Structures are given as structure tokens and as C-alpha cells.
Amino acid sequence: MSATVVEIVKASYLKTKPNDETLGFGRTFTDHMLVMDYSVATGWTHPRITPYEPITLDPAAVIFHYGQTAFEGMKAYRTDDNRILLFRPEKNFQRLNASCERLSMPAVDEAEVLEYLKQLLIVEQDWVPSSPGTSLYIRPFIIATEAFLGLAASKEYKLVVILSPVGSYYQNGIQPISIKVEEHYTRAARGGTGAAKTAGNYCATFNAQTKAAQEGYSQVLWLDANEKKYVEEVGSSNVFFKINGEVITPELNGSILPGITRLSVIEMLRSWGIPVVERKVSIEEIFRYDDEGLLEEVFGTGTAAVISPIGELEWQGRKLHINDHQIGEVTQKLYDTLTGIQTGKVTDPYNWTVEVK
Ligand SMILES: *Cc1c(COP(=O)(O)O)cnc(C)c1O
């Protein structure tokens, strides 16, 4: 028998759902959430669906002081025949556990939490939007709740899953973005927490992101923290370069977040017979390939935008214009195939989608 939540407490009133046209990202939340508690003595207990509501914590809770927390980001999509699909959800819970391990937090039972999530999605099924490009964003997270100021891992935690209907990332069709190579700040160092989805990795990028936005760029490209030489990621996306027919992406080195979209893109390219390599790649090398006329396409990958074509890259005062600011052929095919699989419009030869029912 599959795992079930022990309790469902229905919200006493239901919110008015926003129009699909007005959906942005991450500001509207559904009526219910999933909650589960952990203590060293009992393990994870009392999985329950409750009304969406504030969490009350002791001011000394470890999360507030030492940032012991991990999160995930995934989506549920509505198909044309009104089914609800998840995309490789088991990978998100595997990665949540990998993040927990790095942060001295307890692992969850991946299969069990996926079952609880499906139950939450069934309660909230009317919140999964149907317009093209929309989806229900799923944010699982774990926080350290023990009231203790000593520098040690918390003995108590809370897992919460909240849901947010999100709009089409590309309001005016898919548009190549401009990126600035960040030369002062770095995102993550080798041996640090860069491979984990944990709060501190993100608040530390806000200043560079704000500065780049003021200069007219959508995101920054992060270089490695040791030498400021090798490409790591773009914003909170993984990055790919198509050079002379071959696709290159930075190899996972402990400071790069192992994206599930990244993994899926690598697997799709392999199945199409397009050569793809994971290796160290320096920013200087990318600019040299462009000088030689060999840089064909650049794109970012992540759950939010799925595939983001990059049309411009700025580094040390030099500007690269990629593929004439047009989306490349492989980038477009990846976008169409991946979003097609996620929304059930294209057959899924990889068995990546999981139906919620
Ligand atoms: C979440 C995230 C990604 C993309 O991962 P997906 O699983 O593809 O959504 C890439 N980089 C960073 C820093 C991230 O936080």
C-alpha cells in the first residue's frame, strides 16, 4: 500500500483563483500545504495537509541564525486532456536528500514524500493552470526548528510543501537574453555548498544580480571561485554552449548545482546523436571560439524557464552577439521537445513524466 497523509484539515474558505493571464512567478499560493515534523527521537512523523498558513517558530530556531535549510523547485503541468503531470519528481527528492546530507539535516523517505505530494496535488488540482506556458510551481523545503543557539545541527525540523500557480516565463514568445560575466563576486566555492539548494547560496547573489539588472542584463554568468576563469552557471540555471556542432556544459565539480533540466538536456542530445561533453570550459575559450566563428548557440537550463536562449554575453568590456540574437536550432528543438513532454503534447520516450491520480 502506498503511503498516505495522516490528516487533511481543509481551509475554512477558499481563495479566488487568479486569471492565467495575470500569473507572475511565486506571489500567489494555493489553499493548502503539506507539513511533516522531525525529531531525532521519532524520525519524520505526522505528515498532514493543512490550510496554507503562517508557521510559528521559536525566535531561537536554528534556521533564523545559522540558515540550516534546503529547498526544491519542480512543476505540475496540466495536459490538454486534463491530466496532471510531474516531471522526473523522484530526482527532486533525491536532490533534496543530497542537499540535506551536505547541511547535516535528516533525509526524508523519497517515495513516501512523493506520495504525500501527489495527495496535496489532488486536493489542489483546480489550481493547476491550463494556458500555454503556465504550471503549478511546487516548493518543498525543510527548516531547522530546534530552539538552540549552540553551533550544532538542529535536532528538530519541519518539512513544508507549498504550491504556486505560475505564468508563462516568456510573455512575448521565447526571447534570447543578455548576460554579464560576473568578475567580482562568486556564487560558490569548491568544497562549499554550491551543489545544494540552500538559502545562503541565493541571498549571496542578490547584489550581483541587482547590479547586472541596473546595467540592462537579465542574469550574471558565474565563474569558478578559485581562478575566476572557468564557467559555472548563469543566474540559477545551468549553461550550455554549442561550438562547431558539439554541445559543451561545465562538468559537475561540487560548486555547480546538478540541474534536472541539465541532466534531461544531456540525455536528449545523446539520444538525438548530437555530441555533448561535460568538461571544464573557460570564459576565455568561449570568446576565442566566437572569434573563430565557431560559437553557434548558448542557452541556460532550469525548471523555471526550462530553456533560456542567450543572445549576448559581456566580459571585460567585450560583447559577444550569439547567433544574431536569434534562438538557435538545437535550443528551439530542446525547448519544444522538453515542454512538449512536460505538458503531454509530445510522447515521452524516456518515461520522465509521472501522472498525479
Ligand atoms: C535549481 C537550480 C538550477 C536548475 O536546476 P533544475 O533542476 O534544472 O531546475 C541550476 N542552478 C541553480 C543554482 C539552481 O538553484
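Numbering of ligands and ligand atoms starts at 1, following listing order. Positions are given from 1 along the sequence. All values reported here derive from a predicted model rather than from experimental measurement.
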### Task
Could you walk me through whether Tyr77 and Phe87 pass ring-ring contact (aromatic ring centres under 6.0 Å, His included), step by step?
CA-CA 8 Å; Tyr77 303 87; Phe87 181 74; 7.5 Å; no

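With respect to the salt-bridge test (charged N to carboxylate O, under 4.0 angstrom), the residues Lys229 and Asp224 do not qualify. For Lys197 and Glu72, the salt-bridge test fails: no basic side-chain N is under 4.0 Å from an acidic carboxylate O.
One hydrophobic cluster holds both Leu334 and Ile274 under the rule that ILVMFWY side chains link at heavy-atom gaps under 4.5 Å. Hydrophobic clustering (ILVMFWY, side-chain heavy atoms < 4.5 Å, transitive): Leu117 and Tyr38 are in one cluster.
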Under a 3.5 Å threshold, I'd like every N/O contact between ligand 1 and protein atoms, with atom names and distance.
unit_1   : atom_1 : unit_2 : atom_2 : d
ligand 1 : 7 (O)  : Arg95  : NH1    : 2.8
ligand 1 : 7 (O)  : Arg95  : NH2    : 3.1
ligand 1 : 7 (O)  : Ile260 : N      : 2.8
ligand 1 : 8 (O)  : Ile260 : N      : 3.3
ligand 1 : 8 (O)  : Thr261 : N      : 2.9
ligand 1 : 8 (O)  : Thr261 : OG1    : 2.6
ligand 1 : 9 (O)  : Thr303 : N      : 2.9
ligand 1 : 9 (O)  : Thr303 : OG1    : 2.6
ligand 1 : 11 (N) : Glu233 : OE1    : 2.5
ligand 1 : 11 (N) : Ser236 : O      : 3.4
ligand 1 : 15 (O) : Lys197 : NZ     : 2.6
ligand 1 : 15 (O) : Tyr202 : OH     : 2.5

Solution key, residues 349-357 side-chain donor-acceptor pairs under 3.5 Å, sequence neighbours excluded:
unit_1 : atom_1 : unit_2 : atom_2 : d
Tyr350 : OH     : Ser271 : OG     : 2.8
Thr353 : OG1    : Asp348 : OD2    : 3.0
Glu355 : OE1    : Arg83  : NH1    : 3.2

